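All values below were derived from every heavy atom in this structure, side-chain atoms included, with hydrogens, water molecules and symmetry-related copies excluded. All values reported here derive from a predicted model rather than from experimental measurement.
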Amino acid sequence: MVARRNVAVVGVALSDCGRVDDATPYALHAQAARRALADAGLDRSLVDGFASAGLGTLAPVEVAEYLGLHPTWVDSTSVGGSTWEVMAAHAADAITAGHARAVLLVYGSTARADVRAGRRTGTLSFGTRGPLQFEVPYGHTLIAKYAMAARRHMIEYGTTIEQLAEVAVQARANAALNPEAMFRTPITVDEVLSGPMIADPFTKLHCCVRSDGGAAVLLVAEEYVRDCRTSPVWVLGSGESVSHAAMSEWPDFTVSPAAVSGRLAFERAGVRPAEIEVAEIYDAFTYMTLVTLEDLGFCGKGEGGAFVAKGRLRVEGGELPVNTDGGGLSAQHPGMRGLFLLVEAVRQLRGECGRRQVRRGDGSPPRLAVASGTGGWFCSSGTVVLGAG
């Protein structure tokens, strides 16, 4: 019997991101993985756990082979954008139980380059089988589902389009501080509102960017922390939840599954939402940020519009800096972006974010962060609470 152990994130990295026309998804996986191992200062021979999704016929077998890894613990959970928070939770459980000592989570995608090269179309099909067969004939696209949910919130609680636009404006303000962000030029509420309509009420700037890029996160058992070159960031608690596949089975369009995953994560971490100092939230669309803030408990249900309208999400002067790298709305969004949330949260807790670094009143980095990913069309959620070492 192996004693239960604490789990730390000791290595994080991004591959080249943004506009990457000369790399394959496999190459981006490898680049991010090498950088994460170098960040931790550990050799890949220590890695006995591996998690990946979204690439290959036998993910993560193909990616592990490409990286030269032979793991004895694997995870290929695929629940959309929340995949990586869910995988991080599974990895932490495996390490705690003694089933693995070091687990590497890796993702890479050339979503932007593939469209430009004609290797895929701009609209990713989720298929027409199962529950989706009842919605596909009506042209109910992914973005239309998010737009419907946003409109329901506006009707139910009086949330305004200007308040939703503030989410994009503040994400761009944070991106302006990030030299690696894809779009850094400040935008205004009027510019968001005057853009081309994509799916009512979303104009173009309410929607995430399309980019290339990859990310990697290395989690290890506590006994290996002393061998690392970085300060550990501890996994304090996590939660996961699924809600629906068919929109007709979603009980309330104004409540996301983060209401469950967040509650579980905070309870297991022994932390209250009010104690969180930085939040990384999946933001394929502005409404996702707003409703997730409500469901994680940072404000009451229906109060998200007023909460974001006061500039609270900004790194500079914000009460709760959110998506400090610029998020999917401005920094990068190559597909299932949940792993990027974990990378940014860890970097913030380690004080490595340069001009976009969040600081406490005494100038020190934050001590507590949350990363919350959303998958599908609010179909799933994974939430991880992290604490500085």
Side-chain angles (χ1 to χ4, degrees), residues 1-13 29 32-33 36-37 39-40 42-56 58-107 215-228 230 232-242 261 264-265 267-270 336 338-339 341-343 345-346 370-373 375 380-387 389:
M1 176 69 70
V2 178
R4 295 178 68 82
R5 302 173 286 184
N6 294 320
V7 178
V9 178
V10 295
V12 297
H29 277 77
L37 287 166
D39 182 56
L42 295 176
D43 189 85
R44 70 176 185 176
S45 61
L46 182 69
V47 177
D48 58 353
F50 185 72
S52 183
L55 182 64
L58 297 173
V61 178
E62 290 183 28
V63 180
E65 180 182 68
Y66 186 85
L67 300 180
L69 298 175
H70 302 281
T72 54
W73 181 92
V74 295
D75 189 3
S76 60
T77 298
S78 185
V79 286
S82 63
T83 290
W84 308 101
E85 282 68 36
V86 172
M87 280 185 171
H90 294 176
D93 288 344
I95 293 171
T96 297
H99 297 163
R101 61 194 179 201
V103 177
L104 184 64
L105 282 59
V106 190
Y107 176 68
V217 169
L218 179 65
L219 302 94
V220 302
E222 58 185 315
E223 60 263 34
Y224 298 101
V225 166
R226 62 180 179 271
D227 299 323
C228 299
T230 55
V233 169
W234 300 98
V235 178
L236 303 181
S238 62
E240 56 196 85
S241 176
V242 298
S261 70
L264 292 173
E267 287 177 355
R268 292 164 180 170
M336 297 189 292
L339 199 53
L341 309 180
L342 292 168
V343 171
V346 169
V370 65
S372 189
S380 64
S381 176
T383 303
V384 179
V385 178
L386 299 167

Check side-chain hydrogen bond (donor to acceptor under 3.5 Å, both in side chains) between [X] and all other residues, then give those that pass, not counting sequence neighbours.
X	answer
Ser238	none
Thr383	Ser261, Ser372
Ser241	none
Thr72	none

Pairs in or reaching into residues 59-69: which pass side chain to side chain donor-acceptor pair (under 3.5 Å), with residues at least two apart or in two chains?
-> Tyr26-Glu62
Where at least one partner belongs to residues 84-105, residue pairs that pass ring pair (Phe, Tyr, Trp, His ring centres under 6.0 Å), sequence neighbours excluded | Trp84-Tyr107
Minimum heavy-atom separation for [X] and [Y], please, with both atom names.
X	Y	answer
Ala88	Leu219	O-CD2, 4.2 Å
Leu55	Ala59	O-CB, 3.1 Å
Ala215	Leu339	O-CD2, 3.2 Å
Val103	Ala91	CG1-CB, 3.6 Å
Val343	Ala13	CG2-O, 3.9 Å
Glu240	Ala89	OE1-CB, 4.1 Å

Check side-chain contact (heavy atoms from CB on, under 4.5 Å) between [X] and all other residues, then give those that pass, not counting sequence neighbours.
X	result
Ala221	Arg5, Ile95, Glu223, Tyr224
Ser76	Pro60
Leu37	Arg44, Val47, Leu218
Leu264	Val260, Glu267, Arg268

Qualifying residues under salt bridge (Lys or Arg N to Asp or Glu O under 4.0 Å), relative to Asp39, sequence neighbours excluded | Arg229, Arg350
For the residue pair [X] and [Y], establish whether any side-chain heavy-atom pair is separated by less than 4.5 Å.
X	Y	value
Asn6	Trp234	yes
Phe50	Leu67	yes
Val235	Val9	yes
Ser52	His29	yes

Hey, does the side chain of Thr230 reach the backbone of Val10 with a donor-acceptor pair shorter than 3.5 angstrom?
-> yes
Quick check: does any side chain N or O of Thr77 sit under 3.5 Å from a backbone N or O of Met87, one acting as donor and the other as acceptor?
-> no
Identified side chain to side chain contact (heavy atoms under 4.5 Å, CB included) partner of Leu104 from the options Val217, Leu46, Leu42, Leu69 = Leu69
Just do the side chain to side chain contact (heavy atoms under 4.5 Å, CB included) check on Leu341 and Glu85 with the steps written out, would you?
-> CA-CA 9 Å; Leu341 309 180; Glu85 282 68 36; 3.8 Å; yes
Between Ser381 and Ser82, does a side-chain hydrogen bond (donor to acceptor under 3.5 Å, both in side chains) hold up when you go through it step by step?
-> CA-CA 5 Å; Ser381 176; Ser82 63; over 6 Å; no
Quick one: salt bridge (charged side-chain N to carboxylate O under 4.0 Å, His left out) pairs with a partner in residues 97-107, sequence neighbours left out?
-> Asp48-Arg101
